S.K.: 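Take a look at this one; I'll ask things after.
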2 protein chains.
Amino acid sequence: MTPRILDEAALQAREEQIIDEAIKLIAKLGIENLTMDKVVAKVPYSKGTVYKHFIGKEDLLLAISNQAVKLLSGLFLRAFQFEGGTRERMLLSNFSYLLYAILHPVLFQTEICAKAPNVIGKSSEARIKEQDVLETKLMGAIFGIIEEAIADKSLLLPEHMDIQQLCFANWSMAYGTIALLSGEVEQCSGRTNLIVERELFNQCNLLFDGLQWKPLTKDKQHCSELRKTIEQVFPNELMLIKEKGRELNF
Amino acid sequence: MTPRILDEAALQAREEQIIDEAIKLIAKLGIENLTMDKVVAKVPYSKGTVYKHFIGKEDLLLAISNQAVKLLSGLFLRAFQFEGGTRERMLLSNFSYLLYAILHPVLFQTEICAKAPNVIGKSSEARIKEQDVLETKLMGAIFGIIEEAIADKSLLLPEHMDIQQLCFANWSMAYGTIALLSGEVEQCSGRTNLIVERELFNQCNLLFDGLQWKPLTKDKQHCSELRKTIEQVFPNELMLIKEKGRELNF
DNA sequence: ACCTTATAGTGACGAAACGTCACTGACGAT
DNA sequence: ATCGTCAGTGACGTTTCGTCACTATAAGGT
């Protein structure tokens with residue numbers, strides 16, 4: 001009466017397989033040339049099956065973005081677990097975001113795209129909900145660092161702001177910086193001469209100094225410290241970046 | 001021998017007419033449901049003519065975004081020309097961006113979309129160049145305020161940062177905040193309880209305090225001052241917002 | 001007046017992408 | 001062996017895109 005053969009795990013694996021192929025296609029053709037037909041052609045499943053997983057192209061894009069956020073979560077967690085001062089770890093978190101953006105340009109690009117209303121507007125409810133959960137979880141690591149900072153007195157919560165608002169302040173600053181600069185490698189724009197890692201570093205410090213988050217910039221060499229910390233916590237990522245011929249300048 | 005009848009001005013007018021109809025369509029159907037066919041149907045010109053102006057849908061979107069930036073420029077200029085302290089005017093600039101985002105959600109939404117690589121990737125070179133020029137011009141107002149601030153000693157340029165970087169720091173902060181929050185009216189997210197105008201206000205002050213931009217938050221009631229300034233410089237905009245049933249809470 | 005010529009404008013059309021649905025087949029239950 | 005159910009298929013109708021062969025128009029020449 002109930003001959004169900006749907007294996008939840010296998011289903012999940014298949015979904016990831018489709019996502020992986022889509023990522024490869026974006027890397028090869030650019031996100032603007034991704035089509036469902038091409039994805040279906042790359043994958044050992046039929047159109048109908050693919051559409052069982054994703055209600056449309058936008059839904060697939062959001063799924064890729066969610067996948068990316070999962071990957072990012074891992075980096076955030078490592079930054080969170082690093083033994084060091086709270087300000088240092090917060091800075092490290094933001095830089096783990098940057099490392100991810102440099103190492104996985106396709107994922108980051110898709111994440112940006114997935115924030116556009118024309119994508120959200122055509123995605124499934126479930127997928128949007130998933131995005132929400134993932135981003136909330138991501139914020140959790142940041143939230144934790146701030147809690148600790150307040151507990152050990154290195155940070156005093158400003159009047160009329162709670163921890164959540166502080167989380168958001170940090171997140172939006174890093175997001176704005178990386179989003180606006182990641183695309184610009186060489187453009188004859190008013191934004192030339194801006195190096196994403198340097199601007200991110202500066203802006204983090206401005207924000208943290210504005211919050212009076214100890215130790216202040218004037219009291220500590222955050223720059224050299226961050227360099228060491230990154231080498232310690234993200235050695236592989238740093239190596240991969242070097243292999244890409246990219247160097248971090250800040 | 002040379003019967004040219006192309007009137008540059010009329011051509012421009014027609015382009016704006018097409019853009020206007022597209023904006024109306026986005027407002028009605030949502031940006032995800034905009035199609036060139038629908039635009040052509042709304043406009044007294046044929047498909048071929050429309051495609052003379054815009055090489056494709058993405059190019060049209062970028063054109064709308066550029067139109068939006070022009071509108072925004074006017075607001076920025078008014079903030080720039082306001083007679084008041086430099087910090088106050090900078091704050092006002094950022095809020096003019098917010099007013100625009102609230103008053104013209106379609107334009108702002110399109111602006112966000114137009115930053116996505118899948119749109120840029122399919123736009124014409126000329127249009128991208130135009131975007132660049134417009135954004136540089138926009139930055140000009142911000143740049144000017146900072147120059148003045150440095151001149152009158154209310155702001156000291158931090159070590160290892162130039163004016164351009166400071167401009168960018170401000171821009172990316174405001175962009176990140178508004179972009180991440182503008183979509184969220186009521187969502188059951190980790191980002192609930194965040195009110196865009198309040199967060200923008202807080203983050204501006206954190207950044208400016210971090211820069212030691214006088215007068216500091218502890219020395220002045222920026223909040224009530226900003227309220228007055230907005231009423232003075234943007235009375236119409238404020239009225240329109242009220243008519244929309246929206247109220248600024250910060 | 002009439003023809004010439006070059007450009008503006010048109011919309012039918014083919015290609016491409018989308019998303020659906022009637023069908024197939026595989027497997028467990030009876 | 002038969003039946004019922006559901007995963008999987010891919011052909012097909014639809015939508016959207018963008019082009020291009022053609023028409024209309026207007027200025028200049030004769």
Side-chain angles (χ1 to χ4, degrees), chain A residues 1-18 21-22 25-26 28-64 113 118-127, chain B residues 1-18 21-22 25-26 28-64 113 118-127:
Chain A
M1 286 289 264
T2 46
R4 289 180 181 176
I5 354 166
L6 71 142
D7 179 346
E8 190 56 42
L11 220 66
Q12 190 63 32
R14 193 170 62 184
E15 188 154 315
E16 283 190 18
Q17 189 186 354
I18 298 171
E21 290 300 332
L25 279 172
I26 295 175
K28 201 199 296 181
L29 309 169
I31 199 168
E32 67 273 21
N33 293 317
L34 184 78
T35 72
M36 289 305 262
D37 283 344
K38 287 172 192 162
V39 173
V40 168
K42 278 277 175 188
V43 132
Y45 312 107
S46 73
K47 209 165 193 177
T49 303
V50 171
Y51 271 85
K52 277 262 160 62
H53 288 276
F54 312 99
I55 64 171
K57 181 169 143 177
E58 289 75 15
D59 198 44
L60 173 59
L61 285 179
L62 187 51
I64 295 174
C113 277
N118 57 337
V119 172
I120 299 285
K122 286 194 173 182
S123 294
S124 67
E125 284 302 319
R127 197 82 57 187
Chain B
M1 287 288 266
T2 46
R4 291 181 178 175
I5 356 165
L6 70 141
D7 179 346
E8 189 56 42
L11 220 66
Q12 190 63 33
R14 193 170 63 185
E15 188 155 317
E16 283 189 18
Q17 189 186 353
I18 298 170
E21 289 301 331
L25 279 172
I26 295 175
K28 203 199 295 181
L29 310 168
I31 199 167
E32 67 273 20
N33 294 316
L34 184 78
T35 72
M36 289 305 263
D37 284 344
K38 287 173 191 162
V39 173
V40 168
K42 277 278 175 187
V43 132
Y45 312 108
S46 73
K47 207 164 194 178
T49 302
V50 171
Y51 271 86
K52 277 262 161 62
H53 288 275
F54 311 98
I55 65 170
K57 181 169 144 177
E58 288 76 15
D59 198 44
L60 173 58
L61 285 178
L62 188 52
I64 296 174
C113 278
N118 57 337
V119 172
I120 299 286
K122 287 195 172 181
S123 294
S124 67
E125 283 303 318
R127 198 80 58 186

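Since the structure is predicted, the reported quantities are computational estimates derived from the model, not experimental observations. So that the names make sense, note that chain A is the first sequence line, chain B the second, and so on, each numbered from 1.
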S.K.: Between P on C:dG9 and CD on B:Glu15, what's the gap in Å once rounded to a whole number?
M.R.: 13 Å

S.K.: Is the shortest side-chain N/O distance from A:Ser46 to OP1 or OP2 of D:dG10 below 4.0 Å?
M.R.: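 No, outside the criterion.
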
S.K.: Report the distance from atom CD of A:Glu32 to atom C1' of C:dA16, rounded to the nearest whole Å.
M.R.: 16 Å

S.K.: I need the single residue from B:Val40, B:Val43, B:Ile26 that forms a side chain to side chain contact (heavy atoms under 4.5 Å, CB included) with B:Glu21. Which is it?
M.R.: B:Val43

S.K.: Taking all heavy atoms of B:Ala22 and all of B:Ile64, pick out the closest pair and write down the distance.
M.R.: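 Shortest heavy-atom contact: CB-CD1, 3.9 Å.
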
S.K.: Rounded to the nearest angstrom, tell me the gap between atom NZ in B:Lys122 and atom C1' in D:dG18.
M.R.: 11 Å

S.K.: In this structure, how many angstroms lie between the C1' atom of C:dG19 and the CG atom of A:Leu60, rounded?
M.R.: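 One finds 14 Å between C1' of C:dG19 and CG of A:Leu60, rounded.
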
S.K.: Are any of the side-chain heavy atoms of A:Leu34 and A:Leu29 separated by less than 4.5 Å?
M.R.: no

S.K.: Using a strict threshold of under 4.0 Å (side-chain N to carboxylate O), is an ion pair present between B:Glu15 and B:Arg127?
M.R.: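 Counted as a salt bridge, because a side-chain N and a carboxylate O are separated by less than 4.0 Å.
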
S.K.: How many Å lie between CD1 on A:Ile55 and P on C:dC18, as a whole number?
M.R.: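 These atoms are roughly 14 Å apart.
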
S.K.: Can you tell me how far P of C:dC27 sits from CG of A:Asp7, to the nearest Å?
M.R.: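 Going from A:Asp7 (CG) to C:dC27 (P), I get 14 Å.
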
S.K.: Would you please confirm or rule out a distance under 4.0 Å between OP1 or OP2 of D:dA7 and any side-chain N or O of A:Arg14?
M.R.: no

S.K.: Should A:Lys42 and A:Leu25 count as side-chain neighbours, where that means a heavy-atom distance under 4.5 Å?
M.R.: yes

S.K.: Which whole-number value in Å describes the distance from B:His53 NE2 to D:dG18 P?
M.R.: 16 Å

S.K.: Just the rounded figure in Å: distance from P of C:dC18 to CG of A:Asn118.
M.R.: 14 Å

S.K.: For nucleotides 12-17 of chain D, read 5' to 3', which letter fits each nucleotide if B means a protein heavy atom sits under 4.0 Å from the base, S means only the sugar-phosphate is that close, and - means neither?
M.R.: ----BB

S.K.: Any donor and acceptor pair, going by atom type alone, linking the side chain of B:Asn118 with main-chain N or O of A:Ile31 inside 3.5 Å?
M.R.: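 No, because the side chain of B:Asn118 does not come within donor-acceptor range (under 3.5 Å) of the backbone of A:Ile31.
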
